[in-house]
Amino acid sequence: MDIDDMTSGIKNVKPRWDVQAVEAKWQRIWDERGAFRAVDFSSKPKFYVLSEFFGPSGKGIHLGHVKCFTPTEIVARYMRFKGYNVLYPVGWDAFGLPTENYALKTGRQPDEVTRDNIAIFTRQLRRMGFSFDWSREISTADPGYYRWTQWIFLKLLEKGLAYKTKGEVNFCPSCQTVLSNEDSQGGICDRCHSPVAKATRDVWYLRMRDYSEKILEAVEAIDMKDGYKEAQRNWVGRSAGAVAEFGIEGSEESIRVFTTRPDTIYGATFMVLAPEHGLVAKLMDRIANRDEVLEYQRLAAGKSGIEKQESADKTGVALEGVSAINPVNGARLPVFIADYVLASYGFGAVMAVPAHDGRDFDFAKKYGLPIIEVISGGDVAHEAYEGDGTLVNSGMLNGMRTAAAKEAMTEHLRKMGRGEARINYRMQDWPFNRQRYWGEPFPIVSCPKCGHVPLDEALLPLVLPKTGDFSPDPQGNGPLSKLTDWIRCACPVCGGPAKRESDTMPNWAGSSWYWLRFLDPENSESFVSREKLEYWGAVDLYTGGTEHVTRHMLYAFFWHSFLFDMGAAPHKLPFSRRMCNGLILDEAGRKMSKSSENAIDPVLVIDRFGADVFRLHMMFIGEYEQNTAWTFKGITGITGFLNRVFDMQGMIEGDGVSPKHESLLHRLVKKADTGIYDIGGGKKEHNDFKFNTIIASMMEFANEIRGDGYITKEEYRQFLIVLNVFAPHLTSEIYEAVFGGDIMDQAFPSYDEGKLVGSSVEIPVQLNGRLKALISVERDEGQDSVERKALAALGIDGPADKAIYVKNKIINIIKR
RNA sequence: GCAGGCAUGGCGGAACUGGCAGACGCGCACGGUUCAGGUCCGUGUGAGGGUUACUUCAUGGAGGUUCGAGUCCUCUUGCCUGCACCA
């Protein structure tokens with residue numbers, strides 16, 4: 001579909017200025033003047049604003065980019081007017097599967113594809129007129145950049161936060177690579193949307209779980225909507241409880257469980273292990289129903305995450321001949337394996353208390369296991385009671401309340417040497433290697449004698465070698481393993497024959513620290529200079545997609561906390577404030593993605609309407625954080641508005657601010673000054689990012705001017721500055737024509753609280769809460785005289801029973 | 001199941017700490033300009049009733065607090081978005 005089809009049926013409003021020429025002219029001027037350069041160590045206050053950098057696909061920018069970047073662009077221009085040294089950088093998250101898959105499909109080299117795509121993005125973004133500091137452009141696939149990604153990995157390794165082991169991980173059969181939990185949310189590959197399988201592989205893990213508390217600290221400290229914090233807390237999944245150790249009858253082995261309810265331990269009537277629990281193999285020769293157990297294990301291993309979700313019904317198999325012993329009362333408990341217990345959480349085993357846990361209850365009912373009530377308050381014959389209450393049937397705990405009993409039992413277990421208090425986390429360590437080509441090579445050599453040996457830092461970057469064959473290997477080896485000359489090397493420690501690591505890092509590696517590199521993109525001595533880190537500090541405002549809240553952001557918190565701990569970053573938090581933009585939907589309300597049919601190419605919109613109109617329209621049709629259905633309806637209203645702004649050049653009369661327009665202008669300036677961005681931040685509630693209503697206020701102002709037929713020079717000047725942050729091209733052009741010079745040299749206009757209301761105000765008069773009349777009063781007029789006017793307007797003799805007057809707003813007369 | 005969010009005209013959406021509901025824009029109607037269409041300019045536009053003055057009803061639904069509720073409280077319905085057998 002071309003632009004004419006898409007815009008058929010809407011008014012054909014012609015702009016009265018040469019849109020394309022004006023926009024090209026100012027983009028060139030800004031470029032020549034280096035207008036958006038952020039200045040290191042400037043004496044102005046710093047302001048660092050960032051939207052998530054671009055994954056440069058071949059399709060170019062999409063509407064989601066425009067929705068995401070226009071707000072930060074507006075904030076950046078606004079903050080420059082407010083006298084800040086603004087850093088608003090641009091870069092490329094260039095490694096990763098989309099580029100690699102595209103290169104495979106088209107038979108081209110990923111680095112060439114990346115270079116071409118970056119060129120496309122650059123051209124398009126310049127045409128949007130975004131005020132990026134292009135001199136700080138970075139790409140994660142550039143050796144000068146990924147040298148430092150590799151360096152951070154070596155530091156993680158040095159501090160014991162990276163390790164390689166065999167582990168069960170998510171594996172995408174289609175992309176033929178290992179994925180992290182964050183990459184396979186809902187059991188679906190984030191890249192190709194295939195169902196994810198489980199596989200046992202050699203995995204490089206990063207000890208992200210060790211950073212759970214620090215990540216949670218960052219979650220609490222960053223200024224961000226509660227919903228996102230909650231999603232992040234859930235992802236980390238902190239829960240406080242105890243570990244308890246149950247013996248195995250006639251064996252040295254024991255079952256360790258994590259429980260949040262140590263108070264219910266007297267109610268445990270059986271134990272459940274995850275099917276793949278290591279103990280099963282160890283006890284195999286005592287298990288009477290070996291075949292049945294092995295069969296169940298085999299079935300459970302084959303189930304995907306989705307299959308497990310679909311079968312809510314609980315299944316399991318008893319380990320016949322195995323009994324566990326409750327450490328507190330010596331009770332003999334049967335032991336089961338069942339796939340409702342997850343190997344990856346806690347110890348992969350639970351003490352089952354059917355009276356007080358819904359899942360255990362279901363399982364007990366199905367297999368006819370006893371249910372013992374130990375907390376009073378429910379009806380455990382019919383359903384599990386998970387609430388608090390008083391302990392019964394619980395020996396030493398009887399009569400205690402839940403909270404006290406938890407504490408007492410935890411202490412009791414500790415004294416017995418059979419348990420202790422424990423905080424457990426749902427979040428897993430981060431599987432960090434991918435069996436794909438287009439990523440950062442690991443600076444690691446594998447030596448038969450010395451194990452995994454890191455390369456010397458001085459040898460970084462370990463450059464990704466060029467190869468004609470970078471297709472994934474069905475055996476699950478990284479494509480680099482085919483490059484035998486590159487793989488073979490000498491061990492840095494013993495000099496003997498060794499091999500390089502052939503896997504590469506995931507596409508989230510380079511994005512886990514990139515905001516820091518913008519501070520010092522050319523540095524070849526360190527990842528960022530200390531002085532620049534100290535000058536710029538945290539990103540003041542960071543925006544991006546909601547989908548990155550439980551992924552990129554958690555990785556970012558992890559790496560940043562690590563860099564802080566090792567003393568490499570002087571500030572604790574990477575970002576001060578985070579906002580997430582809503583999605584762009586098509587007119588039918590479906591998600592508009594760049595791959596789908598319904599996508600609208602932003603370039604067509606620029607060609608037809610220009611960047612100024614496009615930006616205003618995008619901001620006008622919906623709120624930043626809400627999903628927005630894209631439509632061309634109404635876009636001509638924006639063109640008409642800018643036409644009227646353009647026409648004001650012929651309506652200039654007088655200087656100063658006319659009394660007629662004074663309160664209107666002050667209200668507009670206040671609306672913009674408070675509604676674009678809350679400077680200072682730190683507040684719980686923000687009242688900014690109100691771009692749609694600021695545009696409405698500008699339209700109101702323009703309507704008033706048109707009605708009056710004149711605008712003063714000073715009014716026009718202030719109005720153009722406000723509009724400039726939204727529509728920089730046209731306003732620069734008009735400003736130059738009317739006033740001479742560059743509008744960007746101006747300061748943002750100021751407003752006066754005392755001038756927001758005109759000298760006389762029209763207020764509604766209510767009688768018993770019903771609107772009856774309007775009266776005109778002086779600004780701040782006293783209640784007595786307003787009340788007299790109101791009574792007169794209502795035609796009432798004598799006093800009111802009561803009168804409520806809200807100054808300059810409303811008066812309500814009560815007369816029964 | 002748990003958590004978070006949303007609900008206002010024909011449509012997108014306004015409404016600051018409770019204070020004229022529907023700003024602004026689109027659409028629509030009528031009028032002007034035009035040979036005509038488009039553009040442009042003007043007027044009107046929540047629903048019902050009345051010839052007018054006016055009046056009743058309206059922010060998913062039901063109650064409540066208040067002089068006054070889209071906004072606060074209780075209950076309820078529908079939709080969206082995360083996480084989901086996490087012990």
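Note: hydrogens, waters and symmetry copies are ignored here, and every other heavy atom, side chains too, is used. First the proteins, then the strands, lettered A, B, ... as listed; each starts at 1.
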Return the value, rounded to whole Å, for the distance between atom [atom1] of [X] and atom [atom2] of [N].
X        : N     : atom1 : atom2 : result
A:Lys690 : B:G13 : NZ    : P     : 14 Å
A:Ile813 : B:G68 : CD1   : C1'   : 13 Å
A:Ile763 : B:G19 : CD1   : C1'   : 11 Å
A:Lys670 : B:C16 : NZ    : P     : 13 Å
A:Leu585 : B:C80 : CG    : P     : 13 Å
A:Glu623 : B:A14 : CD    : P     : 6 Å
A:Ile621 : B:A14 : CD1   : P     : 12 Å
A:Lys14  : B:C40 : NZ    : P     : 9 Å

What contact category does [X] fall into here, base, sugar-phosphate, or nothing, at under 4.0 angstrom with non-hydrogen atoms?
X        : answer
A:Val257 : nothing
A:Ser239 : sugar-phosphate
A:Asn812 : base
A:Arg422 : nothing
A:Ile804 : base
A:Glu547 : nothing
A:Arg770 : sugar-phosphate
A:Arg551 : nothing
A:Lys11  : sugar-phosphate
A:Val806 : base

For nucleotides [N] and [M], find the distance between their [atom1] atoms and express it as a whole number of Å.
N     : M     : atom1 : answer
B:G60 : B:C54 : P     : 29 Å
B:U59 : B:A14 : C1'   : 12 Å
B:C28 : B:C35 : P     : 24 Å
B:G25 : B:U45 : C1'   : 14 Å
B:U8  : B:C79 : P     : 15 Å
B:C20 : B:A69 : P     : 12 Å
B:G27 : B:G46 : C1'   : 15 Å
B:G70 : B:A62 : P     : 14 Å

NZ-OG distance between A:Lys670 and A:Ser663, expressed to the nearest 0.5 angstrom: 13.0 Å
Atom pair CD1/CE of A:Ile222 and A:Met553 - distance to nearest 0.5 Å: 5.0 Å
Should [N] form a Watson-Crick or G-U wobble pair with both distances under 3.5 Å, which nucleotide is its partner?
N     : answer
B:G1  : B:C83
B:C72 : B:G64
B:A7  : B:U77
B:G18 : none
B:U33 : none

When the ring planes of [X] and [Y] are compared, do they come out parallel, tilted or perpendicular, using 30° and 60° as the limits?
X        : Y        : result
A:Phe336 : A:Phe270 : perpendicular
A:Trp630 : A:Phe632 : perpendicular
A:His548 : A:His552 : perpendicular
A:Trp430 : A:Tyr555 : parallel

Please determine whether a side-chain nitrogen or oxygen atom of [X] lies at a distance below 4.0 Å from atom OP1 or OP2 of [N].
X        : N     : answer
A:Arg644 : B:C24 : no
A:Asn627 : B:U81 : no
A:Arg706 : B:C41 : yes
A:Lys772 : B:U55 : yes

salt_bridge(A:Glu52, A:Arg578) N-O dist < 4.0 Å: yes
Side-chain ion pair, A:Lys789 and A:Glu781, N-O less than 4.0 Å: yes
Most 5' of A:Gly707 and A:Tyr345 on RNA chain B, judged by nearest nucleotide: A:Gly707
First of A:Asn703 and A:Glu230 reached from the 5' end of RNA chain B, by closest nucleotide: A:Glu230
Options B:G19, B:A23, B:C6, nucleotide nearest the side-chain atoms of A:Ile810: B:G19
In B:G9, glycosidic geometry as syn within 90° of 0 or anti otherwise: syn
Side-chain donor/acceptor of A:Lys633 to base of B:C11, under 3.5 Å: no
Donor/acceptor link under 3.5 angstrom from A:Asn234 side chain onto base of B:C83: no
